[in-house]
K.L.:
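First the structure, then my questions, so here it is.
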Amino acid sequence: MIQLSSIEKVYRTDSIETLALTGVNLDVDRGEFLSVMGPSGSGKSTLLNIIGLLDSPTSGNIVLAGEKVASYHDRKLAHIRNQKIGFVFQSYHLVNDLSVVDNVEIPLIYRSMSGKERRQRALAALEKVGLSARTKHFPGQLSGGQRQRVAIARAIVGEPEIILADEPTGNLDSVMGQEILAILKSLVKDMGTTIVMVTHDEPIALETDRIVRLFDGSQVN
Ligand SMILES: Nc1ncnc2c1ncn2[C@@H]1O[C@H](COP(=O)(O)OP(=O)(O)O)[C@@H](O)[C@H]1O
Ligand SMILES: [Mg+2]
């Protein structure tokens with residue numbers, strides 16, 4: 001589902017050059033749940049952003065679901081991102097002045113779909129994460145764990161093949177973290193979703209199929 005070969009990422013500013021990733025090779029199978037671990041600054045978010053087509057590598061190749069994305073232009077990348085990839089972030093990234101259900105509908109706005117169908121799909125996604133009773137609330141009225149469940153509903157509403165999660169349990173206590181992990185695992189089991197999750201939490205990582213470790217931009221396992 002995800003194939004990375006010889007990925008290198010260099011960030012250049014006027015005076016500084018940072019090698020964020022080097023020599024990264026990674027194959028993730030369809031329906032695999034992979035964790036990425038490593039100290040702060042080791043390149044985890046950079047790796048996730050490159051897989052998610054939010055950033056491009058300085059060199060190397062990426063194939064996502066059979067598509068050689070390295071050669072694609074921005075509009076086509078945005079289309080693949082919208083169709084195939086769902087994102088979940090540590091700090092939820094919800095829109096505070098939109099209701100829960102309106103937040104979940106956001107990825108569907110870019111698809112040709114009636115308002116009624118958007119609403120139905122958003123409500124179904126909220127049901128999957130156990131938030132049917134909170135659809136008209138606003139993010140500020142929810143706990144951290146509930147906000148992250150909204151973010152997961154938004155990530156899955158377009159039925160993406162790949163979910164990328166950057167420290168999704170990082171702001172949550174361990175009980176809520178386990179709830180989020182259980183939801184992610186159910187996506188893998190029930191829908192065959194492929195998940196790449198960055199985490200600092202070893203017990204959570206140990207519950208996934210495989211752990212890849214980064215140190216100073218390189219894989220260490
Ligand atoms: N936009 C950027 N510009 C310059 N340097 C960056 C940028 N993003 C990340 N870096 C650098 O790349 C390295 C890896 O960062 P990151 O992928 O965010 O690490 P992690 O997520 O593991 O904490 C760090 O040294 C960081 O400072
Ligand atoms: Mg990071």
Side-chain angles (χ1 to χ4, degrees), residues 1-28 32-64 69-70 72-74 77-78 80-81 85-94 144-145 147-152 154-155 160 162-174 176-178 180-181 183-184 193-221:
M1 185 54 108
I2 300 167
Q3 285 178 283
L4 304 180
S5 44
S6 309
I7 295 291
E8 183 160 287
K9 179 66 183 181
V10 183
Y11 287 109
R12 287 193 180 88
T13 59
D14 291 345
S15 50
I16 323 167
E17 216 173 69
T18 309
L19 185 59
L21 290 175
T22 183
V24 173
N25 296 296
L26 184 62
D27 277 2
V28 188
E32 189 173 17
F33 191 169
L34 181 84
S35 297
V36 178
M37 300 195 79
S40 182
S42 58
K44 304 181 299 294
S45 293
T46 302
L47 179 66
L48 217 60
N49 290 343
I50 285 175
I51 296 172
L53 311 177
L54 293 170
D55 202 351
S56 54
T58 308
S59 62
N61 269 306
I62 311 173
V63 180
L64 285 187
V69 292
Y72 291 174
H73 53 73
D74 286 353
L77 291 178
I80 293 176
R81 198 157 58 226
I85 304 171
F87 293 92
V88 180
F89 301 95
Q90 177 172 4
S91 48
Y92 327 123
H93 291 199
L94 300 176
R147 288 184 211 190
Q148 194 59 296
R149 285 193 271 156
V150 177
I152 292 174
R154 182 184 56 189
I162 300 169
I163 300 260
L164 303 176
D166 199 345
E167 305 196 33
T169 64
N171 284 355
L172 305 176
D173 64 39
S174 63
M176 284 189 189
Q178 282 296 331
I180 294 303
L181 179 69
I183 292 171
L184 294 174
T193 310
T194 305
I195 302 185
V196 180
M197 174 179 70
V198 170
T199 183
H200 273 115
D201 191 327
E202 190 89 31
I204 282 193
L206 285 170
E207 290 197 46
T208 65
D209 297 325
R210 179 158 63 111
I211 303 176
V212 164
R213 290 174 200 274
L214 291 179
F215 190 81
D216 277 353
S218 297
Q219 279 159 282
V220 291
N221 33 333

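Just so you know, residue 1 is the first one in the sequence shown, and it goes up from there. As the structure lists them, so they are numbered: ligands from 1, and atoms in each ligand from 1.
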K.L.:
Indicate yes or no: does an N/O atom of S42 lie under 3.5 Å from an N/O atom of ligand 1?
P.N.:
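Indeed, backbone or side chain, S42 has an N or O that close.
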K.L.:
Considering only protein heavy atoms, which is closest to atom 6 (C) of ligand 1, and at what distance to one decimal place?
P.N.:
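For this ligand atom, the closest protein heavy atom is Y11 CD1, 3.2 Å.
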K.L.:
Step by step, work out the side-chain hydrogen bond (donor to acceptor under 3.5 Å, both in side chains) result for Q90 and N171.
P.N.:
CA-CA 6 Å; Q90 177 172 4; N171 284 355; 2.9 Å; yes
K.L.:
For atom 13 (C) of ligand 1, state whether the nearest protein heavy atom is under 4.0 Å away.
P.N.:
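Under the 4.0 Å cut-off, atom 13 (C) of ligand 1 does have protein heavy-atom neighbours.
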K.L.:
Heavy atom of G38 under 4.0 Å from ligand 1?
P.N.:
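The answer is no: ligand 1 sits nowhere under 4.0 Å from a heavy atom of G38.
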K.L.:
Could you tell me whether the side chain of L164 reaches within less than 4.5 Å of the side chain of V88, counting heavy atoms only?
P.N.:
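No, side chains not in contact.
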K.L.:
Nearest protein heavy atom to atom 23 (O) of ligand 1, by residue and atom, and its distance?
P.N.:
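Minimum-distance protein heavy atom for atom 23 (O) of ligand 1 reads G41 N, 2.7 Å.
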K.L.:
Could you tell me which non-hydrogen atom of E8 sits nearest to which non-hydrogen atom of T22, and how far apart they are?
P.N.:
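Looking at all heavy atoms of both residues, the shortest contact is OE1-OG1, 3.3 Å.
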K.L.:
Any chance you could lay out the side-chain contact (heavy atoms from CB on, under 4.5 Å) test for L214 and L47, step after step, and finish with the verdict?
P.N.:
CA-CA 10 Å; L214 291 179; L47 179 66; 4.3 Å; yes
K.L.:
Starting from atom 18 (O) of ligand 1, what is the nearest protein heavy atom, named by residue and atom, and what distance separates them?
P.N.:
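The protein heavy atom lying closest is S45 CB, 3.8 Å.
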K.L.:
For the residue pair A155 and F87, what are the closest heavy atoms and their distance?
P.N.:
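Heavy atoms of A155 and F87 come nearest at CB-O, 3.5 Å.
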K.L.:
Output the list of atoms in ligand 1 that are nearer than 4.0 Å to some heavy atom of T18, sorted by atom number.
P.N.:
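Within the 4.0 Å cut-off of T18, ligand 1 contributes 11 (C), 12 (O), 25 (O).
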K.L.:
Considering only heavy atoms of P39, which atoms of ligand 1 have at least one such atom less than 4.0 Å away?
P.N.:
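Result: 22 (O).
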K.L.:
Going by distance alone, is a donor N or O of one side chain under 3.5 Å from an acceptor N or O of the other, for S5 and N61?
P.N.:
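No donor-acceptor contact under 3.5 Å links the two side chains.
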K.L.:
Does S40 put an N, O or S atom under 2.8 Å from the Mg ion (ligand 2)?
P.N.:
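No - counting backbone and side chain alike, S40 has no N, O or S atom under 2.8 Å.
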K.L.:
Would you mind listing which atoms of ligand 1 come within a distance below 4.0 Å of any non-hydrogen atom of A20?
P.N.:
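Close to A20: 12 (O), 13 (C).
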K.L.:
Using every non-hydrogen atom in the two residues, find where S35 and T208 come nearest and quote the distance to one decimal.
P.N.:
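Heavy atoms only, the tightest pair is OG-OG1, 2.7 Å.
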K.L.:
Would you say atom 20 (P) of ligand 1 touches the protein, meaning some protein heavy atom is under 4.0 Å from it?
P.N.:
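Answer yes: something from the protein, a heavy atom, is under 4.0 Å.
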K.L.:
Under 3.5 Å, N or O to N or O, is T46 touching ligand 1 that way?
P.N.:
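Between T46 and ligand 1 (N or O atoms, distance only) the closest approach is under 3.5 Å.
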K.L.:
Side chain of S91, backbone of H93: donor and acceptor closer than 3.5 Å?
P.N.:
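Absent.
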